[in-house]
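Written below as structure tokens is the structure these notes are about.
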Amino acid sequence: MNQPTELISHSPATGVEIGRYPNTSEATVHELVARAGAASHQWRAIGYKGRKTILKAWAHYLAEHIDELAGLVSLETGKPISDAALEVAVGIDHLAWAARHAHRYLRKSHRAPGLFMANMSTHVEYHPLGVIGVIGPWNYPVFTPMGSIAYALAAGNAVVFKPSEYTPGVGHWLGESFNIVAPQANIFFVATGGPETGAALTKSAVNKIAFTGSSATGKKIAATCAENLTPVLMECGGTDPAIIDRDCDLARAAEAVLWGAMANAGQTCVGIERVYVHEEIATRFTEIIADLAKELIVGHDYGAATMPKQLSVIDAHIKDAVRLGGKFVVGSAESVQPPFVLPTIMVDVPEESLAVAEETFGPTLTIRAVSSMGEAINLANASKYGLGASVWSKRNGKAIASHLHCGMVSVNSVLSFTATPTLPYGGVKQSGYGRIHGQEGLREFAYAKSIVATRFNNPLNFATFKRTAGVDQFIKRLIRILNR
Ligand code: NAD
């Protein structure tokens, strides 16, 4: 079947058409990657300083046009405009950080040559990979792909970005804005389109794919990339836990956990989906968070579900929880009211239920009382996902955080790691691998090249067929002395 040539973007809240964008064909994707590959040498040649100037100019442009971009994000995703502006602001902060720090973390670094190679000078250089294919989701259409785009560009790569089919307008806008500030052409392409356009990018001549999206799609992409050994960075889903100890500030914990669970209609990869709370404070915590949840105004505090098909997933998770004995503290079996989902909090939901074990991606939360923090840690770690977590305790927060098997933890806060450009961001297990943000995020888009150069000739020449018995004896004696 022929792919439609156009992609139509709709408002999830009203269904009204927002815009039409090309549904980029496989042939065009391959052509864009080739053009980006050819231009990438020019981008590399201007060096860190040259790229910093252009990326800072882009950050400035985005900051000056934050209302326009946030308006588009709000229109395409259905999120409140203030949330959209916050998302854009954090995305700009990452762009500026990557621009300012790429040289510091990717510059040549000298290494010790070691005793055997004492006559050598040794150093490591970081080189850009070439062209990075970035595939993004719709839930944070600026912040999420920017974690790859900004860091990849700052490291000296060209980028071809395939935004989600639900947010093509935001992707298109980002591409246009870069080209307004960058004198070089063909460095940052945006290829709007559906999953087929993404699949075409994974089969193209890109040097790496940076994917953010569901774990199910991530597995398909990893399989395709395996055919050419194209490296992949995987930022996938999660079912993030909040662990609440009895010595925490209960009111703050309830307020923040509610926001972490329900903001953006729960469509946050690092959104809180399950709470493990100490049994001594469980009733009080549940009462406070339930009272706060009942005050939320749907359509004002959070918007419509961006992706209509997610509504049936959320509904199935709620019904499965009910079937397995879960009880509503807030909401009901009719919480899904298209295009919205009402705040839903449940207790007595077994760990094997879909609501706890799988990513719900809606404004829902399960709360379970535990007898100790050890039990909370074990339950948190039992998930097949391991993206983020939130821990609430005055005394033991950092210790609990250290025991969690996941990529990021906020102690006495939620989601704070997202807005901290110095910190690497990513998951373990089925939440993915590789890191965006921070120095690790810059190095994700570079390869290390080791260079060993002879400073003076070693009288004990190892690398020759003429190696003497005396040299052999010396090697054995030296390694024994070093390992006594
Ligand atoms: P998705 O997996 O449906 O789609 C993501 C992107 O992949 C889209 O651009 C889509 O067109 C593309 N795609 C789909 N099939 C493809 C294929 N076969 N080959 C190549 N590309 C393909 O995810 P979504 O619904 O857009 O986003 C929500 C998911 O993203 C959630 O699971 C959420 O947890 C996750 N997410 C993770 C992070 C993170 O940083 N870990 C951040 C945001 C969202």
Side-chain angles (χ1 to χ4, degrees), residues 3 7 9 12 21 23-24 26 29 76-77 87 90-91 94 133-148 151 160-168 170-171 190-204 206 209-227 230 232-240 264-273 305-311 313-314 358-362 384-388 406-408 415 417-418 423-437 441 444:
Q3 205 178 311
L7 189 67
S9 168
Y21 301 92
N23 193 10
T24 314
E26 179 164 357
V29 167
E76 282 198 315
T77 62
E87 175 192 342
V90 177
H94 277 285
V134 176
I135 300 176
W138 45 265
N139 60 339
Y140 290 90
V142 174
F143 163 75
T144 297
M146 196 55 101
S148 297
Y151 291 74
V160 178
F161 170 39
K162 205 299 278 179
S164 166
E165 53 276 31
Y166 292 95
T167 53
V170 173
V190 177
T192 49
E196 298 81 10
T197 305
L201 194 56
T202 61
K203 288 181 214 143
S204 72
V206 286
I209 289 285
F211 169 72
T212 309
S214 63
S215 302
T217 305
K219 287 175 196 174
K220 287 188 207 162
I221 290 178
T224 309
C225 287
E227 285 170 29
T230 304
V232 209
L233 163 70
M234 284 284 165
E235 295 289 349
C236 301
T239 52
D240 285 10
N264 200 26
Q267 306 167 118
T268 303
C269 52
V270 284
I272 307 292
E273 298 216 348
T306 309
M307 194 171 60
K309 66 177 188 235
Q310 192 64 23
L311 291 168
V313 174
I314 300 168
E358 300 292 337
E359 184 180 55
T360 305
F361 231 50
K384 65 182 175 188
Y385 297 103
L387 193 53
C406 63
M408 302 151 296
L415 275 61
F417 41 75
T418 52
L423 288 177
Y425 182 99
V428 295
K429 298 190 269 184
Q430 296 210 11
S431 293
Y433 44 79
R435 292 293 180 266
I436 53 172
H437 303 172
E444 206 51 70

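Whatever order the structure lists them in is the order used to number ligands and atoms, beginning at 1. Only this structure's heavy atoms are used, side chains among them; waters, hydrogens and symmetry mates stay out. We're numbering straight along the sequence, starting at 1.
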Please report the shortest heavy-atom distance between I436 and S148, naming the atom on each side.
CG2-OG, 3.6 Å
Mark up the atoms of ligand 1 that fall under 4.0 Å of a heavy atom belonging to E165, in ascending order.
8 (C), 9 (O), 10 (C), 11 (O)
Pairs of nitrogen or oxygen atoms closer than 3.5 Å, one from K162 and one from ligand 1: do any exist?
yes
What protein heavy atom sits nearest atom 28 (C) of ligand 1, and how far away is it?
F361 CE2, 3.8 Å
State whether the shortest distance between N or O atoms of N139 and N or O atoms of ligand 1 falls below 3.5 angstrom.
no
Could you grab the distance from atom NZ of K220 to atom OG1 of T202, nearest 0.5 Å is fine?
11.0 Å
Could you pull out, from P137, G136, G133, the option with a heavy atom nearest to atom 6 (C) of ligand 1?
G136
Rounded to the nearest 0.5 angstrom, the CG-OG1 distance for N139 and T268 is 6.5 Å
Quick check on G427 - does any of its heavy atoms sit under 4.0 Å from an atom of ligand 1?
no
If you measure every N or O of K220 against every N or O of ligand 1, does any of those distances drop under 3.5 Å?
no
Looking only at heavy atoms, is any part of L201 under 4.0 Å from ligand 1, and if so is it the side chain, the backbone, or both, or is it neither?
neither
Which atoms of ligand 1 have any heavy atom of A199 under 4.0 Å away?
19 (N), 20 (C), 21 (N)
protein heavy-atom neighbour closest to atom 31 (C) of ligand 1 works out as E359 OE1, 3.4 Å
Taken in chain and number order and not counting sequence neighbours, the residues that satisfy ring pair (Phe, Tyr, Trp, His ring centres under 6.0 Å) with F361 are W138
Mark the output for Y140 as yes if a heavy-atom distance to ligand 1 is under 4.0 Å, and as no if none is.
no
Give the atom numbers and elements of ligand 1 that come within less than 4.0 Å of a heavy atom of S164.
9 (O)
Would you call the rings of Y425 and H437 parallel, tilted or perpendicular, where under 30° means parallel and over 60° means perpendicular?
tilted
Can you tell me if E26 uses its side chain to pair, donor with acceptor, with the backbone of A200 under 3.5 Å?
no
May I ask you to identify, for L387, whether its side chain, its backbone, both or neither come under 4.0 Å of ligand 1 on a heavy-atom basis?
side chain
Heavy-atom distance under 4.5 Å between the side chains of T77 and P12, does that happen here?
no
Using only atom types and a distance under 3.5 Å, with no angle test, would you say the side chain of K162 pairs donor to acceptor with the backbone of G193?
yes
Check: S215 and Y385 side chains under 4.5 Å, non-hydrogen atoms
yes
Quick one: are Q430 and C236 in side-chain contact, heavy atoms under 4.5 Å?
no
Correct closest heavy-atom pair for P168 and E76 would be CD-OE2, 3.4 Å
Would you find a donor on one side and an acceptor on the other, under 3.5 Å apart, between the side chain of T360 and the backbone of G362?
no
Protein residue, atom and distance nearest to atom 25 (O) of ligand 1, heavy-atom basis
W138 NE1, 2.8 Å
Looking at CD of E87 and OG1 of T418, how far apart are the two atoms once the value is rounded to the nearest 0.5 Å?
10.5 Å
For Y425, the atoms of ligand 1 under 4.0 Å from one of its heavy atoms are 40 (O)
Is Y166 near ligand 1, meaning one of its heavy atoms is under 4.0 Å from it?
no
Should you measure from each heavy atom of F211, which atoms of ligand 1 turn up under 4.0 Å away?
2 (O), 5 (C), 6 (C), 7 (O)
Any nitrogen or oxygen of T202 lying under 3.5 Å from a nitrogen or oxygen in ligand 1? Just yes or no.
no
Below the 3.5 angstrom mark, is there an N/O of S214, backbone or side chain, next to an N/O of ligand 1?
yes
Hey, which atoms in ligand 1 end up nearer than 4.0 Å to a heavy atom of C269?
33 (C), 34 (O), 36 (N), 37 (C), 38 (C), 39 (C), 40 (O), 42 (C), 43 (C), 44 (C)
Determine, using heavy atoms of G432 and all atoms of ligand 1, whether some pair is separated by less than 4.0 Å.
no
Under a 3.5 Å threshold, yes or no: a donor from one side chain and an acceptor from the other, between T239 and E273?
no
For atom 35 (C) of ligand 1, which candidate among C225, A223, G213 holds the nearest heavy atom?
G213
Under 4.0 Å to a heavy atom of C236 - the qualifying atoms of ligand 1, by number
37 (C), 38 (C), 39 (C), 41 (N)
Which option, L233, T217, I135, I436, owns the non-hydrogen atom nearest atom 4 (O) of ligand 1?
T217
Only heavy atoms of G198, strictly under 4.0 Å: list the atoms of ligand 1 that pass.
19 (N), 20 (C), 21 (N)
Any chance you could measure Y433, atom OH, to E444, atom CD, to the nearest 0.5 Å?
10.5 Å
Min heavy-atom dist P163 to ligand 1 below 4.0 Å
yes
